[in-house]
Amino acid sequence: MSKADLIVGLQWGDEGKGKIVDHMAQTHDYVCRFAGGHNAGHTIVIGDKKYALHLIPSGVLNPKAKNIVGNGVVISPKDFIKEMEQFENLEGRLFLSDKAHILLPYHALIDQARERMKGDKAIGTTGKGIGPAYGDKIARVGHRLGELLCPDKLTEKIMAYFETNKTIFEAMEVELPSERGLLEELEGYKTILAPYIVDTTKMMWDILAEDKRVLLEGAQGTMLDIDHGTYPYVTSSTTVSAGACSGLGLSPKDLGKVTGIAKAYCTRVGNGPFPSEDLGAEGDILRKNGHEFGTTTGRPRRCGWFDAVAMRHAVRVNGADQVALMKLDVLDGFNEVKVCVAYEVDGKEIDYVPYDLEDATPVYQRFPGWDKTKGVREFEALPKNAQSYILALEEMIGTKMGIISTSPDRDDTIIR
Ligand code: GDP
Ligand code: IMO
Ligand code: MG
């Protein structure tokens, strides 16, 4: 019986999970997504080719790895089918849980309407319908992928749901499909997706029993977790490692090594607290050097410094055995780099994440900068100041940085 290794984001998403999942997929037989939807955007660079993945696990770029999308994911059939078009021969190496919930265009329209209605209190969602789809699931009015196999029955149920909620849809100015339009839409999805829909829970148990090497791929990040992030400025799923169990039908005993992914600095896209955000010229340099524009929405990402307090919280909540420190090269050329080592709240210094991060101001420690780490593939070949920076971060968060990434390329990765 093998154990499943796990990859999770430790910050506010976009840490570079895709690159590490792709890297590790080379030595795994299965890569399995457990949460989120097409709000995720994972960019993977192999040589001069660049891929953007949203729902398909990042193992797809390794032809030998099989890919599972678990029950904890919300799947937009339309977007999934579009994403599939980038690849050939997916049958037999891509499996979708019959228990995953379906996200339909009306979910996205509700998401956008709610954001409009919130005005300056908007969450800054991706507008893809993630909140409404998970909302329906929890309210027990959602629909699962297994139901797509009987489009006429599913159409009937969704039309009844539209009818019961008519006044809400009208107030939100959400345009709904006709019965005939919906049936045609669902039949189209069924034709393409039916061969991929299976009982992935049973499959997970079987592959672990067969001693396969299994990698679980998280989306988003710990600070966006529905329970452990900066609520309500979060996504609607369990992004932390516990979500890998419920999102795939595993028990905690099935989990192996947990690798948390973190940038050498911090970014956030969307609204909500971000204590170490740099709104000045240095934040602009991070954005420019790190190409910090969203994979999914193209929005500029807010940029700031490594937050060791939030990181300790994330390491603990996920049980991270090691951290992969990404995008170290983006800090190249700074005279000095800062790290948030504590927060000040109501004139008091604290070293933990409080109930509300909104009022926390960062306490910084400064480190001397370095010239160039880009493309370096050995720890000892890094400039001494970069080595000291990494060793200091390890000390602060109490976890080894077992992987260090120095460019988007698959091979520019230091394994310690
Ligand atoms: P994910 O959502 O966690 O998979 O991360 P994204 O793909 O949204 O964002 C990470 C971005 O950083 C992608 O464009 C990657 O190609 C890029 N990237 C990953 N690792 C490195 C690195 O070490 N250095 C640089 N410069 N870019 C990187
Ligand atoms: P990956 O997997 C960064 C953010 C949105 C918004 C909040 C809620 O690429 O790391 P949602 O559409 O989920 O309801 O939006 O969550 N968000 C992400 N930010 N990376 C992501 O995924 C994200 N997925 C959602 O910007 O602030
Ligand atoms: Mg991303």
Side-chain angles (χ1 to χ4, degrees), residues 7-23 33 35-46 49-55 57-58 73-74 103 107-108 110-112 114-115 122-135 217-226 229-237 239 260-274 286 288-302 324-332 373-377 403-414:
I7 302 266
V8 281
L10 296 180
Q11 297 162 321
W12 278 279
D14 301 327
E15 297 91 348
K17 297 175 291 293
K19 166 168 168 170
I20 297 304
V21 173
D22 168 64
H23 191 273
R33 258 290 286 276
H38 64 306
N39 50 347
H42 305 157
T43 307
I44 296 162
V45 180
I46 303 169
K49 279 203 111 168
K50 195 166 162 177
Y51 301 86
L53 298 172
H54 302 280
L55 273 163
S58 305
V73 176
V74 288
L103 186 158
H107 289 118
I110 297 171
D111 189 2
Q112 292 155 21
R114 281 188 192 155
E115 286 284 274
I123 294 167
T125 71
T126 57
K128 305 283 182 191
I130 305 299
Y134 277 111
E217 173 181 19
Q220 287 81 47
T222 302
M223 300 307 283
L224 289 172
D225 180 88
I226 185 75
T230 51
Y231 193 88
Y233 297 97
V234 291
T235 189
S236 296
S237 60
T239 64
I261 315 293
K263 280 179 197 172
Y265 53 100
C266 251
T267 65
R268 163 161 213 170
V269 55
N271 301 326
F274 177 8
L286 290 171
K288 185 166 161 275
N289 292 357
H291 304 289
E292 296 295 356
F293 296 88
T295 313
T296 301
T297 56
R299 291 180 288 178
R301 295 176 183 148
R302 297 157 65 192
L325 190 72
M326 311 301 293
K327 304 188 90 161
L328 182 65
D329 55 293
V330 174
L331 295 178
D332 289 358
T373 65
K374 192 174 170 60
V376 173
R377 295 180 184 184
I403 301 172
I404 293 152
S405 170
T406 58
S407 101
D409 201 89
R410 188 190 263 174
D411 299 324
D412 289 336
T413 312
I414 298 171

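One-based numbering, in listed order, for ligands and for the atoms of each.
Counting protein heavy atoms only, atom 12 (O) of ligand 2 is closest to T126 OG1, 2.6 Å. Nearest protein heavy-atom contact of atom 3 (C) of ligand 2 is D14 OD2, 3.2 Å. For atom 10 (C) of ligand 1, the closest heavy atom belonging to the protein is D14 O, 3.8 Å. Given atom 8 (O) of ligand 1, the protein heavy atom at minimum distance is G41 O, 2.8 Å. Of all protein heavy atoms, the one closest to atom 13 (C) of ligand 1 is T43 CB, 3.6 Å. Of all protein heavy atoms, the one lying nearest to atom 16 (O) of ligand 1 is P408 CB, 3.6 Å. The single protein non-hydrogen atom nearest to atom 23 (C) of ligand 2 is Q220 CG, 3.6 Å, given as residue, atom name and distance. At the shortest separation from atom 23 (O) of ligand 1 among protein heavy atoms lies S405 OG, 2.4 Å. Among all non-hydrogen protein atoms, the one lying nearest atom 4 (O) of ligand 1 is G18 N, 2.8 Å. With hydrogens left out, the protein atom closest to atom 16 (O) of ligand 2 is L224 CD2, 3.7 Å, a heavy atom. Among all non-hydrogen protein atoms, the one lying nearest atom 5 (C) of ligand 2 is G124 O, 3.7 Å.
In terms of N/O distances under 3.5 Å, ligand 2 is not approached by E15. No N or O atom of N271 sits closer than 3.5 Å to an N or O atom of ligand 2. Among the atoms of T235, some N or O lies under 3.5 angstrom from an N or O of ligand 2. For a threshold of 3.5 Å applied to N or O pairs, the pair formed by G16 and ligand 1 contains at least one separation below that value. Considering backbone and side-chain atoms alike, T125 places every N or O at 3.5 Å or more from each N or O of ligand 2. Polar contact check, N39 against ligand 2: a nitrogen or oxygen pair lies under 3.5 Å apart. The shortest N or O to N or O distance between G41 and ligand 2 is under 3.5 Å. Inclusion of V269 in the set of residues having an N or O under 3.5 Å from an N or O of ligand 2 is warranted. Taking only nitrogen or oxygen atoms, main chain and side chain alike, R268 does not reach within less than 3.5 Å of ligand 2.
The closest heavy-atom contact to atom 27 (N) of ligand 1, among the options H42, K327, M326, comes from K327.
Heavy atoms of K128 stay at 4.0 angstrom or farther from ligand 2. Look at V234 and you'll find a heavy atom under 4.0 Å from some atom of ligand 2. Using a non-hydrogen distance threshold of 4.0 Å, G9 does not register as a contact of ligand 1. Ligand 2 does not have S236 within reach: every non-hydrogen atom of the residue lies 4.0 Å or more from it. For R301, the closest heavy-atom approach to ligand 2 does not fall below 4.0 Å.
Every atom of ligand 2 with a heavy atom of K17 under 4.0 Å away is listed here by number and element: 1 (P), 2 (O), 10 (O). Below 4.0 Å from some heavy atom of W12 lie the following atoms of ligand 2, by number and element: 3 (C), 19 (N). Which parts of ligand 2 touch A40 is read off a 4.0 Å heavy-atom cut-off, strictly below it: atoms 1 (P), 2 (O), 9 (O), 22 (O).
The tally of protein N/O/S atoms under 2.8 Å from the Mg ion (ligand 3) stands at 2.
Proximity of D329 to ligand 1, defined as any heavy-atom pair under 4.0 Å, is confined to the side chain (atoms from C-beta onward). Residue contacts with ligand 1, taken as heavy atom pairs separated by less than 4.0 Å, involve S407 solely via the backbone atoms N, CA, C and O. If you look at R301 next to ligand 1, the close heavy atoms, those under 4.0 Å, all belong to the side chain. Contact annotation: for K19 versus ligand 1, heavy atoms closer than 4.0 Å belong to the side chain alone. Under 4.0 Å from ligand 1, not a single heavy atom of I44 appears.
Looking at T413 and K19, their side chains do bring a donor and an acceptor atom within 3.5 Å of each other. A donor and an acceptor atom, one from each side chain of D332 and T373, are located under 3.5 Å apart.
Every side-chain contact (heavy atoms from CB on, under 4.5 Å) that E15 has, sequence neighbours left out, goes to Q11, K17, I261.
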